[in-house]
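Below is one structure, written out as structure tokens; comments come after it.
Numbering of ligands and ligand atoms starts at 1, following listing order. Predicted model only: the values in this text are computed from it and were never measured.
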Amino acid sequence: MYSNALADFSLTPHSHTVRRFNKSSSGDIFADIALALGQAVQADMVIISLITPQPDKPCQTISFINNGKICDNFEYSLKDTPCEDVTASNFCIFNNNVQELFPNDPALTEMDIHSYVGAPLVDKCGEVIGVVNTLYHGSLSELENIEVLFQLFADLISSELERCRTLQKMEISRQVIASANEGIVICDSQKQILEANKTFSDMLNMSPHALQGKSVEDIIASQYSGHTNSEIWHTIEETDHWSSEFWCEADNGKLLPTWLTVNAIRNDAGQIEHYALFFSDLTDHKVAEQKIHFQANYDSLTGLANRQLFLDRLGLSLHHAQRNNRQIAVLFIDLDLFKAVNDSLGHIQGDQLLRIAAKRLTQITRKSDTVARLGGDEFTMLLEDIHSPSELEEIADKILQTIAQPIDLDGQHTFITASIGIAHYPSDANTADQLLSFADQAMYNAKTAGKNCARFFTREMQVTADQRLDLKHRLDRALSNQQITTAFQPIINLETGRVEKFESLVRWKDQGTHISPTHFIPIAEEFGLIRTLGEQVLEQSCQALSGLHAAGYSHLQFCINRSAKEFPKHNDPHPQWLATAEKYHLPHTALCFEVTESVLTPNSLTQKQFFEHLKNSGCQIAIDDFGTGYSSLSYLRQFPVDILKIDRSFISDFTQDEDDLTLVSTIIAMAKSLGMKVVAEGVETQEQLNQLIKLGCHYGQGYYFSKPLEQSQLLTFLQRHEATES
Ligand code: C2E
Ligand code: MG
Ligand code: MG
């Protein structure tokens with residue numbers, strides 16, 4: 001109860017000199033002491049008050065006895081009161097005329113006080129923390145022993161105050177420990193647990209009661225933490241402190257990751273009396289750490305290592321191989337035509353297919369080997385301890401066979417193949433980056449060699465790769481310097497013999513030599529230059545065509561080749577393709593866009609919508625090189641296709657080759673039934689032309705009519721052609 005007086009005091013800030021009366025705290029020990037003191041020194045009033053170190057803060061009485069009765073506590077200002085003298089000069093006694101001595105203390109007059117005795121209350125450090133004083137209505141006569149008595153009472157009150165403070169502090173500490181998020185354990189010098197908070201007992205799944213008396217060493221599972229118990233306690237002995245990640249063993253044997261801090265608490269003699277242990281649960285932290293580690297090092301789709309981890313492991317493995325004279329190999333594995341499969345089956349099935357491929361690759365490797373997914377359909381394998389190239393050949397064969405096994409994707413049967421490139425340490429390279437890059441180059445070779453095969457890296461491949469890179473740099477420069485030109489090849493209506501269209505074909509003359517588009521278009525696609533290239537061709541085509549329209553050939557249409565990589569990624573309501581035509585005041589109908597079959601996949605909704613948008617704007621769509629891809633006429637129907645261009649390879653032989661003839665005539669018949677027009681590419685002879693006319697093919701294009709022409713030749717060509725026609 002007596003602590004209430006302190007609590008009241010500490011919670012009642014007040015800076016006025018005006019008295020303020022608080023609730024009584026009767027029944028507390030200070031009231032008992034004050035009553036006893038009042039009787040002992042026959043005082044009319046007894047006041048025990050606490051002072052604060054700040055001069056502007058008022059004093060607070062914790063006991064006020066008036067005429068033998070416990071009265072309400074109050075606050076008062078110390079300034080100019082006899083109590084101020086007490087705090088400054090120890091025991092004070094004013095046995096008369098106290099009102100005259102302290103004229104600025106009106107309370108003395110108000111309460112009719114004539115004599116005053118006061119002694120300071122001090123804490124254990126000797127600091128004055130309060131005053132005990134007695135007041136008298138009359139003058140004081142018997143002064144013997146009064147000082148001794150006062151001293152005794154002052155000591156008693158001081159020690160009671162000290163005890164209150166300690167208890168209060170302990171209560172606060174207890175509450176802090178009980179409500180802490182950390183597990184806290186206090187143990188004695190023998191490491192026996194005296195107290196553990198609820199957080200800690202919850203961590204270990206034990207009742208606080210069961211923990212009491214246990215040795216803390218039983219709980220700290222030092223064997224899982226890389227420290228011995230003697231090491232730990234020795235450090236604490238030396239430095240009073242120890243902290244580390246630590247595994248605690250719960251009652252059920254479960255291990256809990258924590259961050260443990262141990263502090264030694266010493267007594268005045270410097271001996272360790274207690275230990276305080278703080279345990280922070282690291283479970284969430286560990287889970288997050290693992291997650292971050294996984295995200296940083298593994299591929300979330302397949303669970304395989306990612307590029308980062310693969311390169312790390314490759315680096316380590318190289319280091320090991322160099323020191324121990326071992327051989328290692330990197331395999332670069334790329335699934336063949338995955339994009340087409342992914343587009344036709346859908347992305348969910350595509351993902352499933354990648355997971356199956358990843359699983360198959362892991363199943364055929366040894367535990368020591370690393371399989372990684374670099375991204376998309378690219379996988380890599382690090383094979384350690386290789387003894388001969390034939391061993392690698394065997395593994396590559398096994399991979400090819402395993403990957404090519406039929407796949408059942410929720411009832412849909414499919415299969416896929418892979419192309420593999422192999423680079424070997426020490427014969428090919430001795431850095432991780434180089435090995436990976438060389439394996440990649442070898443894989444590229446496997447692709448160009450027809451896919452579903454493996455190729456070892458060779459020096460020649462490096463030369464080719466360098467050449468490709470060189471070509472890329474030169475093409476980049478040519479595009480920046482606007483050195484790319486366009487040639488135009490006429491397309492003839494076979495019924496009327498009229499020139500109705502021209503195909504725009506990109507031309508690049510580098511250092512006096514023509515480079516074939518079949519050579520540099522794939523480079524432009526691979527290195528992200530195709531859009532710029534396409535834009536320049538479109539611009540030149542529209543410009544040329546607007547000239548021809550102005551010259552009276554307004555029926556002409558230009559066919560522009562577009563690579564799949566040039567399609568807008570998202571639906572674009574006003575694509576640059578149309579904007580360029582408008583810039584040259586050309587109707588949209590004056591343009592036809594040629595795309596290859598690979599662009600058409602049943603699931604490419606964006607592309608389908610884009611085609612529809614082009615078509616609705618008035619442009620035409622042609623499928624180029626038809627017959628060489630994988631599309632079937634049946635799903636061509638789903639796309640707004642106007643024209644099929646039969647690939648030159650079928651035309652070149654179809655007058656001799658029965659199969660080609662059948663194919664060409666079937667394409668023409670089916671295209672007609674779907675309401676599409678047909679262009680035969682690569683018409684070189686009269687015989688081919690006659691046959692095509694017989695089959696009812698709508699258009700012909702080829703050297704028989706004309707090679708691709710420069711812009712400056714177009715008008716003359718058209719005029720001459722018209723002249724020969726008439
Ligand atoms: P393509 O679209 O099938 O173009 C027809 C190709 O056949 C042209 O080759 C043309 O010169 C050639 N050609 C036409 N008639 C005959 C003939 O009677 N006999 C023979 N032997 N060849 C003939 P070119 O100009 O070398 O273009 C090759 C390919 O490069 C084109 O095939 C097209 O796929 C691509 N290409 C050309 N220009 C561009 C372009 O601006 N953008 C894109 N993305 N690709 C283009
Ligand atoms: Mg074409
Ligand atoms: Mg073609």
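Classification of Glu710 and Arg507 as a salt-bridged pair fails, no side-chain N sitting under 4.0 Å from a carboxylate O. Contact check on Arg648 versus Glu684 returns no salt bridge, with no Lys/Arg side-chain nitrogen under 4.0 Å from an Asp/Glu carboxylate oxygen. The pair Arg307-Asp299 does not meet the salt-bridge criterion, since no charged nitrogen lies less than 4.0 angstrom from a carboxylate oxygen. With respect to the salt-bridge test (charged N to carboxylate O, under 4.0 angstrom), the residues Arg355 and Asp351 do not qualify.
Close approach of ligand 1 to Ser563 (heavy-atom distance below 4.0 Å) involves ligand atoms 44 (N). The ligand atoms of ligand 1 that sit less than 4.0 angstrom from a heavy atom of Glu566 are 44 (N). Within ligand 1, counting atoms from 1 as listed, the ones closer than 4.0 Å to a heavy atom of Gly702 are 15 (N), 18 (O). Near Pro708, with a cut-off below 4.0 Å to any heavy atom, the atoms of ligand 1 are 11 (O).
Contacts between Lys707 and ligand 1, counted as non-hydrogen atom pairs separated by less than 4.0 Å, are absent for every part of the residue. Looking at Asp625 against ligand 1, only its side chain comes within 4.0 Å, counting heavy atoms. By the criterion of a heavy-atom distance under 4.0 Å, neither the backbone nor the side chain of Ala487 is placed next to ligand 1. The proximity of Val506 to ligand 1, defined as any non-hydrogen pair under 4.0 Å, involves the side chain as well as the backbone. Of all the heavy atoms of Lys645, none lies under 4.0 Å from any atom of ligand 1, so neither backbone nor side chain is involved. For Val537, every heavy-atom contact with ligand 1 shorter than 4.0 Å involves the side chain, none the backbone.
In this structure, Phe717 and Phe502 have perpendicular ring planes: the angle between them is above 60°, well past the 30° mark.
Residue Arg507 has at least one N or O atom closer than 3.5 Å to an N or O atom of ligand 1. In terms of polar-atom proximity, defined here as any N/O pair under 3.5 Å, Arg648 does make such a contact with ligand 1.
Checked options Glu687, Gln688, Gln686; the residue passing with Tyr704 is Gln686 (criterion: side-chain hydrogen bond (donor to acceptor under 3.5 Å, both in side chains)).
In this structure, the side chain of His698 engages the main chain of Val678 through a donor-acceptor pair within 3.5 Å. Asp336 contributes a side-chain N or O that, together with a main-chain N or O of Asn452, makes up a donor-acceptor pair within less than 3.5 Å. Listed for the Asn493 side chain is a donor-acceptor partner under 3.5 Å among the backbone atoms of Glu495.
Between the CD1 atom of Ile560 and the CH2 atom of Trp577 there is a distance of 10.5 Å, given to the nearest 0.5 Å.
The single protein non-hydrogen atom nearest to atom 34 (O) of ligand 1 is Asp624 OD2, 4.3 Å, given as residue, atom name and distance. Ranking protein heavy atoms by distance to atom 18 (O) of ligand 1, first place goes to Tyr703 N, 2.8 Å. The nearest heavy-atom contact from the protein to atom 43 (C) of ligand 1 is Asn561 CB, 3.6 Å. The nearest protein atom to atom 9 (O) of ligand 1, hydrogens excluded, is given as Leu505 CD2, 4.6 Å; this is a heavy-atom distance. Residue, atom and distance of the protein heavy atom nearest to atom 15 (N) of ligand 1 are Gln489 NE2, 3.0 Å. Nearest protein heavy-atom neighbour of atom 24 (P) of ligand 1: Pro517 CG, 3.8 Å. In terms of protein heavy-atom proximity, atom 28 (C) of ligand 1 is closest to Thr518 CG2, 3.7 Å. Scanning the protein heavy atoms around atom 19 (N) of ligand 1, the nearest turns out to be Glu684 OE2, 2.6 Å.
Within 4.0 Å of atom 6 (C) of ligand 1, not a single protein heavy atom is present. Atom 1 (P) of ligand 1 is approached by the protein to below 4.0 angstrom, counting heavy atoms only.
At a cut-off of 2.8 Å, Glu594 coordinates the Mg ion (ligand 2) through an N, O or S atom. Look at Glu503 and the Mg ion (ligand 2): an N/O/S atom of the residue is under 2.8 Å from the metal.
Asp625 contributes OD1 as its N, O or S atom closest to the Mg ion (ligand 3). The Mg ion (ligand 3) lies closest to atom OE2 when only the N/O/S atoms of Glu681 are considered.
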Exercise for the section: Apply salt bridge (charged side-chain N to carboxylate O under 4.0 Å, His left out) to Lys645 and Asp625, showing your working. Expected result: CA-CA 6 Å; Lys645 296 189 76 175; Asp625 309 339; over 6 Å; no
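Residue contact check for ligand 1: Gly682 places a non-hydrogen atom closer than 4.0 Å to it. The closest approach between Gln701 and ligand 1 stays at or above 4.0 Å for every heavy atom of the residue.
Between Cys453 and Arg455 the shortest heavy-atom distance is SG-NH1, 4.0 Å. Considering all non-hydrogen atoms of both residues, Asp408 and Gly411 come closest at OD1-N, 2.8 Å. Contact detail for Ile623 and Val641: the closest heavy-atom pair is CG1-CG1, 3.6 Å.
Cation-pi check for Lys501 over Phe558 is not met; the charged atom does not lie both under 6.0 angstrom from the ring centroid and within 45 degrees of its normal. The cationic atom of Arg468 (NZ for Lys, CZ for Arg) lies less than 6.0 Å from the six-membered ring centre of Tyr444 and within 45° of the ring axis.
Vertex the Mg ion (ligand 2), arms ending at OD1 of Asn561 and OD2 of Asp624: the angle is 80° after rounding to 10 degrees.
Residues Thr380 and Ile333 are not in side-chain contact: their nearest non-hydrogen atoms beyond the backbone lie 4.5 Å or more apart.
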